[in-house]
Protein chains: 4
Amino acid sequence: MERSYRLIVSCPDQVGIVAAVSDFIAQHGGWITEAHHYSDPESQWFFMRYVVRATSLPFGEERFRALFEPIATRFAMNWYLTDTGVNRRVVLMASKQAHCLSDLLYRWRSGELAFDIPCVLSNHADLRDYVNWHGIDYQHLPVDGSDKSHHFAAVNAAIQAAKADLVVLARYMQILPPDLCERYPGRIINIHHSFLPSFVGARPYHQASARGVKLIGATCHYVTSELDAGPIIEQDVVRVGHHNTVEDMVRLGKDVEKTVLARGVRYHLEDRVLLHGNKTVVFA
Amino acid sequence: MERSYRLIVSCPDQVGIVAAVSDFIAQHGGWITEAHHYSDPESQWFFMRYVVRATSLPFGEERFRALFEPIATRFAMNWYLTDTGVNRRVVLMASKQAHCLSDLLYRWRSGELAFDIPCVLSNHADLRDYVNWHGIDYQHLPVDGSDKSHHFAAVNAAIQAAKADLVVLARYMQILPPDLCERYPGRIINIHHSFLPSFVGARPYHQASARGVKLIGATCHYVTSELDAGPIIEQDVVRVGHHNTVEDMVRLGKDVEKTVLARGVRYHLEDRVLLHGNKTVVFA
Amino acid sequence: MERSYRLIVSCPDQVGIVAAVSDFIAQHGGWITEAHHYSDPESQWFFMRYVVRATSLPFGEERFRALFEPIATRFAMNWYLTDTGVNRRVVLMASKQAHCLSDLLYRWRSGELAFDIPCVLSNHADLRDYVNWHGIDYQHLPVDGSDKSHHFAAVNAAIQAAKADLVVLARYMQILPPDLCERYPGRIINIHHSFLPSFVGARPYHQASARGVKLIGATCHYVTSELDAGPIIEQDVVRVGHHNTVEDMVRLGKDVEKTVLARGVRYHLEDRVLLHGNKTVVFA
Amino acid sequence: MERSYRLIVSCPDQVGIVAAVSDFIAQHGGWITEAHHYSDPESQWFFMRYVVRATSLPFGEERFRALFEPIATRFAMNWYLTDTGVNRRVVLMASKQAHCLSDLLYRWRSGELAFDIPCVLSNHADLRDYVNWHGIDYQHLPVDGSDKSHHFAAVNAAIQAAKADLVVLARYMQILPPDLCERYPGRIINIHHSFLPSFVGARPYHQASARGVKLIGATCHYVTSELDAGPIIEQDVVRVGHHNTVEDMVRLGKDVEKTVLARGVRYHLEDRVLLHGNKTVVFA
């Protein structure tokens, strides 16, 4: 994939934003390979994502930012620029179950998803050998059931030490404390094993079985201080029937979980997800 | 479709049920064209549905019942026998929106679904001409907002007069009172415009939009006295995104609603739905 | 829906197109409510669709065209402008089966899809009463099996007389002759009852059953002189199994056919479909 | 999972089969936990699959077979009995791409799918380390482009030496010669990266892109001597659009391929797939 810059913008909607941005890029000879806009009619808020070939521009990232700043100021933009040549640092967290972690590691080692993994954190030692085989650091951070604060302090320290751009909870089974969630807004992605907002909290497949639903699902969302209530990035479902036990649902759900999580992580890493209050704009 | 009998059974599971039933049918030369069994491991309850060609048997419906009774008694069966040559009497109820009603009427007049429609009941007059064009009686039963009891009394009287086997709420927008629901257990089918148990009650598409879900759905279920909490027969979903307004969701949802309702009604009319507590066994 | 203009453009890709177009609109105070771009990397061709509120512009359709012409010339654009306040004239063609026609007529009479229907053409008389109930002209144009040329001459004359912008083959079972297809490029939409390119031609459900596929589908496409080979607008599938007879597939397929056709027609009427050789760009 | 016997039967349909089989099992106190029947109306052929708890029967596998033989003979049955306590021996074959192989190995090592892997065969050495990490034998069998016969002789020898019950082509990119295919009827499973019968042969995603389809898919099927024409076990699709390049399709398709292959392998290992000419009965 050719090296590119991604320009991500959100701001109050008004006439002239697209013209100003596209004119800026055109003036410098920028070759736009992807362009997405969305104007939310309710909130009157505007979102855009441009991908521009790095070699088509006569300047680098810093100069791009400096030259674009006046436009950003004029339209009161929230904005950022990323360089596809620089990988994000992603800390993966897991527990005992390997389906999501294995799936992400496969996509990483095959080059399907480009990111760096400074470490994998887990409250169990089970997945150490598998992670280490990939040459990735594995940190076993045990949980003391009577006082989890040490665990979460260790988690936070590890995230800090890793200089993580993103934390992915790949079926990490502990509920992060609110203060930890709030420290990394829009930077912690979780996979919840239900079609939210149905079946918040523990044992969602048991809840689904008890209710007798005919589809089960999974939800990839940003973590906020309220449990399973953060902005949804991606969801999907799979059909079940009366003949499926809870164990079947767990098994069938795993395939949805790993696929939905991988999609969500991809969208995030490609700067396709823009926060909009407690919702997301996803330029998929 | 050749005329057949459908034998529907549920009972405590034990060794020998299938043998006893299939032996009974074989002894009389019965040709089984469809056979479904399900043994629920948790409740130890057994469910079966057999379809037998009427012409392969040397007796009719009454005699079938009499001869089968000892087996039913022996295994403590809940059971019934239906004759595919006899149409169910189905009362359709709607409000102003026509998508579900139109869809069911199309399936009825094209012969895709075989049932009789003694009448359509509505709290509005809007759909009268369309229903009457089909040669079907349309009863406009207005609702007095300050006291709905007269309306529901009229609804009940109409159901009784129609000798209805089934009532289908095809986007009828009033909540039936508990006593009316309880009068017809397993005989009132509703389509709810969300993927239950998410978004119970009013304006589910508004709720879905506010939560920012990435799929919306519809649920066909039996009505019980608890709102939107009855046994689910069928569900499906459709993908939505940030660019879809509530109005879009309403429009996209209509296609799911009518398809899911039609499937649920078909399953019921073909005796494919067996109640199992607050869940359903659906031999689809 | 507020009245808007839709500007549809395709042209060779180069730097500055978006800037030029968006600058033009911004200069005149135009409020863009939807904006889609796509740059095809293989063909180096560029596609865009802008929706602009009519009331935000100081001029009407004619003046818009005149003022935009220099930009169009500069970038060698294929382009057109439509006014959402002006309905397209759509001739519907059907045979005996009503599922697609009924579905489109429901969407038309409920206002879900905005278009005018100058007439329905059919080689059979079966659907006359139903169409007439809607107050729509029904023309029965019989087919002489030994010489179909009279039929197609009559079809062509009816399309001409109707001043049709679009012809929708809603399960019209005759194959249009190549010269008729070529007379209306990109203006005849067909629904084929298979997941193309599988099962071209007659009796696709029989072909699907013989091959033992586990999903069946439907394809909405523009008609070209080569049978079932025109640009695909939309497709979808539904799951089938060994227990589904050809008759089941026909029934299950109908739901997919009508949904896929309705989506395709909507995309076309909303100017979301741009031809790209034998493929389509669909700004859904 | 409790140890069980699976009884798989297909035979000409006639009155009394279910009665005879279920009576046999009931007489010996057998507890049936799953029962599937299908009577094909066209071919008048009957299929059944029973799962019986091993501990509920007073005899073992050999005695079961001996006692059942008279019934099998009476109804001219093709039949077999398997013991869920005995794992199948499955040879996996791959090339360079790891997505299907990784996915199957994950399911194997997590215990989701129960089978033994005597070896992995590949025409490339790339995946050796990964396979060996699992403690599984990896045999690199290079292909000589000018004469592939040595390769296929080596493949056949390895299959024989492994005493394989099943061979799974997990994106093994070579076309097996007809004689090798015919040697293992119903025992070689392939995953083809298209929604068959569309896009048989090489580079199906390129074919799909050229045709402009709106869904791409994958097909799990038994290998026969005719390329990509064997009995289909499972299929699924994923939505694509004009913006998806061939490379995107390859990436999106991988998720479908691995999921569809895993489902097909599961169905086979659980004796849920019964051959019916060039089609399959799948008791899913």
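Letters go in sequence order (proteins before strands), and every chain restarts at 1.
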> Within residues 126-140 of chain B, which positions have a heavy-atom distance to chain C below 4.5 Å?
Replying inline: Asp129(B), Tyr130(B), Trp133(B)

>> Determine whether Arg251(C) and Glu112(B) satisfy the following criterion, salt bridge (charged side-chain N to carboxylate O under 4.0 Å, His left out), listing intermediate values before the conclusion.
In response: CA-CA 8 Å; Arg251(C) 172 175 58 78; Glu112(B) 185 189 301; 5.4 Å; no

> Considering residues at least two apart in sequence or located in another chain, which fulfil the salt bridge (charged side-chain N to carboxylate O under 4.0 Å, His left out) criterion with Asp271(B)?
Replying inline: Arg6(B), Arg88(B)

>> If I measure from the heavy atoms of chain B, does Thr259(C) come under 4.5 Å with its side chain, its backbone, both, or neither?
In response: side chain

>> Taking atom CZ as the centre, does Arg203(B) end up with more than 12 heavy-atom neighbours from other residues, nucleotides or ligands that are less than 6.0 angstrom away?
In response: no

> Does the Ser122(B) side chain pair with the main chain of Ala125(B), one donor and one acceptor, at a distance under 3.5 Å?
Replying inline: no

>> With no hydrogens and no angle check, just 3.5 Å: does a side-chain donor-acceptor pair link His37(C) and Tyr50(C)?
In response: yes

>> Measuring from atom CZ of Phe47(C) to atom CG of Leu275(C), what distance do you get when rounded to the nearest 0.5 angstrom?
In response: 9.0 Å

> Between atom CG of Asp103(B) and atom CD1 of Ile191(B), what is the distance when rounded to the nearest 0.5 Å?
Replying inline: 10.5 Å

> How about Val91(B) and Leu121(B): do any of their side-chain heavy atoms sit closer than 4.5 Å?
Replying inline: yes

>> Main chain of Leu196(C), side chain of Thr219(C): is a donor-acceptor contact present, judged purely on distance under 3.5 Å?
In response: yes

> Taking NZ, NE, NH1 and NH2 as the nitrogens, is one of them in Arg107(B) or Asp255(C) under 4.0 Å from a carboxylate oxygen of the other?
Replying inline: yes

> Looking only at heavy atoms, which of residues 262-269 of chain B get nearer than 4.5 Å to chain C?
Replying inline: Arg266(B)

>> Would you compute the distance between atom CG of Asn190(C) and atom OH of Tyr172(C) and round it to the nearest 0.5 angstrom?
In response: 11.0 Å

>> Tell me whether the rings of Tyr106(B) and His99(C) are parallel (<30°), tilted (30 to 60°) or perpendicular (>60°).
In response: tilted

> Between CG of Leu141(C) and NE2 of His124(C), what distance do you get to the nearest 0.5 Å?
Replying inline: 11.5 Å

> Applying a criterion of heavy atom separation less than 4.5 Å, what residues of residues 204-217 of chain B form contacts with chain C?
Replying inline: none

> Can you tell which of Gln97(C), Glu34(C), Arg109(C) has the highest number of heavy-atom pairs within less than 4.5 Å of chain B?
Replying inline: Arg109(C)

> Could you state the interatomic distance from NZ (Lys254(C)) to CZ (Arg171(C)), rounded to the nearest 0.5 Å?
Replying inline: 8.0 Å

